[in-house]
There are 2 protein chains.
Amino acid sequence: MISRKPLKRVTMNEVAREANVSPAVAARALGGYGYVSETKRTQVEAAAARLGYRPNMIAKSMVTGRTRTIGIIGADISNPFFAGAVKGIADESRRHGFDTLLTNSDENTEIERDALRVLLAKRVDGLVVSPADVNDCDHLREAVQQGTPLVMLDRIAAGIQADSVVIDNVEASRRAIAGLITGGHRRIAMVTELGTQSDRKLLNQLDKPESADVTTLNTSGARLLGYLVAHRQAGLSPDPALIRPTDAYASASARQCTLELMALESPPTSIFTGDSVMTLGAFAAIQHLGISLPDQLAFMGFDDMDWMGLVKPSLSALRQPVYAMGAAAIELLMARLASPERPSEHRVFEVESILRDSTRNAWCCHN
Amino acid sequence: MISRKPLKRVTMNEVAREANVSPAVAARALGGYGYVSETKRTQVEAAAARLGYRPNMIAKSMVTGRTRTIGIIGADISNPFFAGAVKGIADESRRHGFDTLLTNSDENTEIERDALRVLLAKRVDGLVVSPADVNDCDHLREAVQQGTPLVMLDRIAAGIQADSVVIDNVEASRRAIAGLITGGHRRIAMVTELGTQSDRKLLNQLDKPESADVTTLNTSGARLLGYLVAHRQAGLSPDPALIRPTDAYASASARQCTLELMALESPPTSIFTGDSVMTLGAFAAIQHLGISLPDQLAFMGFDDMDWMGLVKPSLSALRQPVYAMGAAAIELLMARLASPERPSEHRVFEVESILRDSTRNAWCCHN
DNA sequence: TAGCGTTGTGATAGCGCTATCACATTTATT
DNA sequence: AATAAATGTGATAGCGCTATCACAACGCTA
């Protein structure tokens, strides 16, 4: 039960009275607009300080229609990818005089819809969203249509007229796998979450990746597609037993999947993980089994973390410039706020291959 | 340049007209309060849906004086400690129907002051703050006095009438060091950031920790104090050469400090780090030098991370229940919103010692 | 029939500001 | 000196809602 009496705060009118000027003058002095004489400005400022006046953004937003606030809908702040991106978003927003309202969707479209409703009710000036499912985005489309600019981060939902900041997941993954294939690997396992229906559909068409519609795939689906394409291009047919979708408790599940993979009659000679959480679990399994990398198993994962250079052997990874991507999202948003009619822009960032010991002699640059 | 025309949005009045009811009825139907007949409620809801009506929280806050928003001032979201805490804060807030406005202080009091000003202007209903410097908190005190409830997380600023959620840094650190001493170590190094003046003052009184004023110490100062107390209690005099304050670029600096420590004529037999960022840098140095843990050097650090169990050898650490601490901060805030006059509550969480290979045979439980 | 509570509806003040007038005064230009 | 422009001030509408009235219509009891 919330107490009902909102506390009485000092208002501009009281400051005006204290300073013996009209409310209009006080407003101009405090708000920094229009004409005010130096004398009165000082009077007003002194009065404001004396009374402990705090401007009320709510009231200001009420009349201006702007809040100088950006809403963020991310999957999970405790995931390092988002933590880094959120930092970039927050810093860059601040630089432009905007604040950030943060929400978590937990990769759940229902929660996302809810979060969106709240952010729109709060009248944020713009949104940065990582859609939980790119195939279920009517709510996002409606927000854009009603006039709230939106930038998609990490994932692009088809059919939404909005800017985006992404990497080319298919190509990054394809290149990584192609490298392993060129390095001589033929049994490459992939451990990844496959949270959505459309991503899982890929499992039924392992040999015809070209028939998949990229625009309906989420991040991990796209990474799996890259895996399939690399195989296809090399004339190889992927073994379904080596593709392991994990379930919800991601890290633990990745560990379990990896244990099972290595227990196969014909285990993989190399393993590729869909993100850093998968990498954590898979590597835990590898340690547990005492498997030696890269001789017995080559290892490469999506998303680079500091610690990957410190484990033995060190782990190769595909690095996304997360902070820069977050900052870029805000740049695009600011550009759109300035000119709402500009054509939508899609910023594709480069993925860097960080080659460490876990792929030594196992990976060859492909192109 | 921001475009100036705020876009025209559907208001309650328009919904009322569309539904052929008075604005008051529409307000009650949409706001879910007071009497409305079933018939009219349905009419209004239909009209709202038809027009794509979105409630305006700003206007509502204007009259109610509440925003259902919690402001967070944290040091750095990309630091795993805060990322975890922020998750706890956000989740728990959401459970209570509150949203979170996130800001970063970068451990800088100036930025913190700024962030506070903005959050108060936005009329947040409450604050969760990790003060950058517990000795420079007049701005926080004023906020509390003006009536915005505030919970301090991770650090307590003296003389502020507010709730707090912390761990006992002195005791946790003292116990860890005492364990190393009992384990036979006499030359224990400490690598930690010492960002504030008051923390650095400790360096001038290594042998009389009891003369330090705990309430003026920040997190890392308190941890250093624990280190000193443990030595004192064991009748040992700490070697100043083994206490290494790092500077700004934390991880790299910790690496450098560790390299220098190990190059000493008489190097430490054990090393203790002030947080996970320090641990990362220190461990990188240890790997670089090829030092074997725990034989050549016992290792223990503050803050546990997933990867610490995966490096070779695995690293011992003091684990804080970060998520729970974030959630607890919101619990306290909600309790205070419900009864503003309740006495302030200080929640002290337990620190768990995660003993792994890096302290094998080097650490003995002390009490 | 009068008197009462219950249920539903409408009118409207006002939250704290900004923006826009109208107007007063000073300074510059012809 | 007359006019125009620049500079400063005050009054006030209104942003979209909620909360508070006043009141009407209805069924109930006495």
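Sequence lines set the chain letters: A, B, ... in the order given, protein chains first and strands last, and positions in each chain run from 1. Keep in mind it's a predicted model, so treat the numbers as computed, not measured.
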Give the C-alpha distance, both sets of side-chain angles, the deciding distance and a yes or no for salt bridge (charged side-chain N to carboxylate O under 4.0 Å, His left out) between B/E107 and B/R155. CA-CA 12 Å; B/E107 300 283 11; B/R155 316 161 194 193; 2.9 Å; yes

Closer than 3.5 angstrom, by distance alone: can the side chain of A/D106 be matched with the main-chain N or O of A/N108 as a donor-acceptor pair?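 Answer holds: no.
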
Take the protein atom CZ of A/R28 and the nucleotide atom C1' of D/dT9, then report the distance between them rounded to whole Å.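 Going from CZ in A/R28 over to C1' in D/dT9 covers 6 Å.
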
Go nucleotide by nucleotide along DNA chain C from the 5' end; which of B/V36 and A/G31 gets its closest nucleotide reached first?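 Upstream on the strand: B/V36.
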
Residues A/R94, B/D114; criterion salt bridge (charged side-chain N to carboxylate O under 4.0 Å, His left out); working and verdict: CA-CA 11 Å; A/R94 214 183 102 82; B/D114 228 60; 3.7 Å; yes

Do the side chains of B/R141 and B/D138 get close enough for a salt bridge, i.e. N-O under 4.0 angstrom?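 So B/R141 pairs with B/D138 through a salt bridge.
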
Under 6.0 Å from the six-membered ring centre of B/Y33 and within 45° of its axis: does the NZ or CZ of B/R28 meet both?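 So B/R28 doesn't make the cation-pi contact.
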
When B/L116 is tested against each of B/I111, B/L140, B/V124, B/T103 for side chain to side chain contact (heavy atoms under 4.5 Å, CB included), which residue passes?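 Testing B/L116 for a side chain to side chain contact (heavy atoms under 4.5 Å, CB included) against B/I111, B/L140, B/V124, B/T103 leaves exactly one candidate, B/L140.
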
Going 5' to 3' along DNA chain C, between which two nucleotides do contacts with chain A fall, using a heavy-atom cut-off of 4.0 Å?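 For DNA chain C, the relevant span reads C/dG16 to C/dT20.
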
Between A/S37 and D/dT9, is there a side-chain N or O to OP1/OP2 distance below 4.0 Å?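 Yes.
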
Closer to the 5' end of DNA chain D via nearest nucleotide, is it A/A24 or A/E38?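 Nearest nucleotide further toward 5': that of A/E38.
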
